[in-house]
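The next block holds one structure in the form of structure tokens; read it before the comments.
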Protein chains: 2
Amino acid sequence: MKLLIVEDSQRLRKSLQLGLKHLGFTVDTTGNGREAIAYLRVNHYDVVLLDLMLPEVDGLSVLKEIRHRKKESAVIVISAKDQVDDRILGLDLGADDYLCKPFDFDELHARIKSLIRRKYQLHNNVMVFGKLKVDIDMRSVAVNKQAVNLTPNEYSILALLTMNQGKVMTFNNIENHLYDSYSSVTRNAIEAHISAVRRKLKAHQVTDLIKTRRGFGYYIDAVE
Amino acid sequence: MKLLIVEDSQRLRKSLQLGLKHLGFTVDTTGNGREAIAYLRVNHYDVVLLDLMLPEVDGLSVLKEIRHRKKESAVIVISAKDQVDDRILGLDLGADDYLCKPFDFDELHARIKSLIRRKYQLHNNVMVFGKLKVDIDMRSVAVNKQAVNLTPNEYSILALLTMNQGKVMTFNNIENHLYDSYSSVTRNAIEAHISAVRRKLKAHQVTDLIKTRRGFGYYIDAVE
DNA sequence: AACGGCTCTGAAGATTTGCTGAAGATGTGC
DNA sequence: GCACATCTTCAGCAAATCTTCAGAGCCGTT
């Protein structure tokens with residue numbers, strides 16, 4: 001899951017970044033609207049946290065840009081408590097949620113999870129695949145109630161493929177979800193992770209779940 | 001599907017080429033307008049990506065040339081954000097779409113697919129042929145919901161014949177669609193691919209779909 | 001600050017898959 | 001039946017992918 005934080009205050013930005021990264025999200029941050037738009041053009045974000053008070057290009061313009069180009073990003077508008085006008089404008093322009101400063105971090109986390117569930121049309125936090133269960137909330141995987149011990153990156157890859165079952169995820173897609181915009185890895189790193197996930201699933205008698213689409217990437221067959 | 005990329009910046013050109021090739025397109029590239037016109041005179045392209053800022057011969061002249069000679073190519077004009085005049089001129093001259101730099105690669109991909117759909121008058125991404133389904137988006141083929149495991153070249157040939165059903169595709173047509181301008185193969189390579197496609201379809205009880213027009217090439221009968 | 005454990009990464013080699021052209025078989029029109 | 005086009009099979013080659021592994025880095029603990 002990848003997030004973009006657009007927030008003027010460096011203090012808050014940094015603290016949100018660390019907190020969300022800790023929860024397993026991949027996080028890009030920026031403090032101004034112009035850069036935010038540049039980021040949005042290059043990457044895909046599941047959720048954008050958007051403060052409306054920004055230098056250079058204001059938050060509403062960023063919101064317009066998102067709605068214009070990237071319908072798949074959910075937007076949570078963050079704003080100081082007294083800016084009621086902002087609030088109205090934000091919802092009119094299609095913000096998906098709204099938080100007043102100061103807000104509770106757990107509240108934010110809950111709303112992010114809620115938007116992600118909505119995006120992927122999940123009715124609860126667990127996806128079932130025959131014997132396999134992927135718990136989005138816990139970031140854990142189990143086969144027949146036996147936990148599969150995946151590392152964070154391994155889990156992220158499996159979750160991405162699971163949530164996009166039936167679609168081929170390219171190396172770019174995967175890299176986008178695992179790494180923030182400052183990182184850079186060879187595709188072999190992803191191959192190695194895939195290999196590890198397959199090996200660990202195989203130890204639980206789950207084979208051929210992750211399939212290779214040569215020249216494109218990886219996918220999991222959709223189940224009805 | 002064959003594309004021509006006309007783009008001054010070598011960096012961007014190369015990255016687009018690799019990215020699009022990976023998505024299954026056949027790609028020619030050039031960095032100047034003179035060469036672009038030469039390419040256009042020799043090959044057929046489904047889509048041309050055209051940067052208007054070019055050395056030697058400017059982009060608008062290339063666009064005129066395309067519209068003058070080659071009505072079957074769709075054109076996506078690429079331009080820096082502030083060149084609004086270019087935009088107006090481009091659309092006046094009949095660009096089919098327009099993208100500002102920097103643009104999102106997936107956005108580009110989506111627009112290319114959209115133009116291809118329009119060109120072949122497809123209403124969605126799946127072409128149905130009795131039991132046979134060809135999914136343009138996924139580059140996959142299925143018979144009675146059973147996937148037919150085609151290699152990239154095999155798929156490309158079948159897609160070409162399908163999208164041009166009722167028309168005979170010559171060896172030249174097919175070679176044009178499968179290979180960029182720097183490759184060269186014997187016609188037997190294509191015969192071998194056709195043979196493989198027929199064999200794989202036959203395994204799914206689909207026979208006599210691809211017909212041979214002796215001395216000309218291959219075709220699939222149009223269905224109403 | 002040092003330590004231990006875990007994870008990540010890129011290299012290297014093994015393996016798999018796909019492409020091509022050759023060669024011989026088969027088919028077609030005359 | 002002949003000449004030629006097309007079909008099929010196959011093996012060598014090239015490229016993509018898989019697997020393993022060791023070194024580096026990170027994180028929490030002491």
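Just so it is clear: chains get the letters A, B, ... in the order the sequence lines come, proteins before strands, and each one is counted from 1. Just so it is clear, the values below take in all heavy atoms, side chains as well, and ignore hydrogens, waters and symmetry mates.
- Nucleic acid contact class of B:H22 (heavy atoms, under 4.0 Å, all strands): none.
- In terms of phosphate contacts, B:T186 brings a side-chain nitrogen or oxygen within less than 4.0 Å of OP1 or OP2 of C:dG21.
- Put simply, the residue from B:Y39, B:Y182, B:Y45 that forms a side-chain hydrogen bond (donor to acceptor under 3.5 Å, both in side chains) with B:D28 is B:Y45.
- We find that CG of B:N153 is positioned 13 Å from C1' of D:dA15, with the value rounded to whole Å.
- Here B:Y155 lies out of heavy-atom contact (under 4.0 Å) with every strand.
- With 3.5 Å as the limit, one finds no donor-acceptor pair spanning the side chains of B:N153 and B:S156.
- Residues B:V197 and B:L161 are not in side-chain contact: their nearest non-hydrogen atoms beyond the backbone lie 4.5 Å or more apart.
- The interatomic distance linking B:I190 (CD1) with D:dC7 (P) rounds to 12 Å, in whole Å.
- In the set D:dT9, D:dT20, C:dT9, D:dT20 carries the atom at the smallest distance from any side-chain atom of A:R199.
- Regarding B:R213, its CZ atom lies at a distance of 12 Å from the P atom of D:dT6, rounded to whole Å.
- Listed for the B:K133 side chain is no donor-acceptor partner under 3.5 Å among the backbone atoms of B:K145.
- The side chain of B:Y218 places no N or O atom within less than 4.0 Å of a non-bridging phosphate oxygen (OP1 or OP2) of D:dA5.
- Here the C1' atom of nucleotide D:dT20 and the NZ atom of A:K202 are 14 Å apart, to the nearest Å.
- One interatomic measurement links the two molecules: CZ of B:R198 to C1' of C:dG27, which rounds to 12 Å at whole-angstrom precision.
- Between the CD atom of B:E191 and the P atom of D:dT6 there is a distance of 7 Å, given to the nearest Å.
- Between B:E154 atom CD and C:dC19 atom P there is a gap of 6 Å when expressed in whole angstrom units.
- Between A:D46 and the options A:R117, A:K113, A:K119, A:K2, a salt bridge (charged side-chain N to carboxylate O under 4.0 Å, His left out) holds for only A:K119.
- A donor-acceptor contact under 3.5 angstrom links the side-chain atoms of B:N188 to the base of D:dT8.
- Put simply, the side chain of A:R214 and the base of D:dT17 share no donor and acceptor less than 3.5 Å apart.
- Put simply, A:T212 has no side-chain N or O that comes within less than 4.0 Å of OP1 or OP2 on D:dA16.
- Checking the phosphate oxygens (OP1, OP2) of C:dC19, a side-chain nitrogen or oxygen of B:T151 falls inside 4.0 Å.
- Rounded to a whole Å, the CZ atom of A:R187 is 15 Å from the P atom of D:dT19.
- Of the two residues contacting DNA chain C, namely A:Y179 and B:V185, the nearest-nucleotide position lying further toward the 5' end is that of A:Y179.
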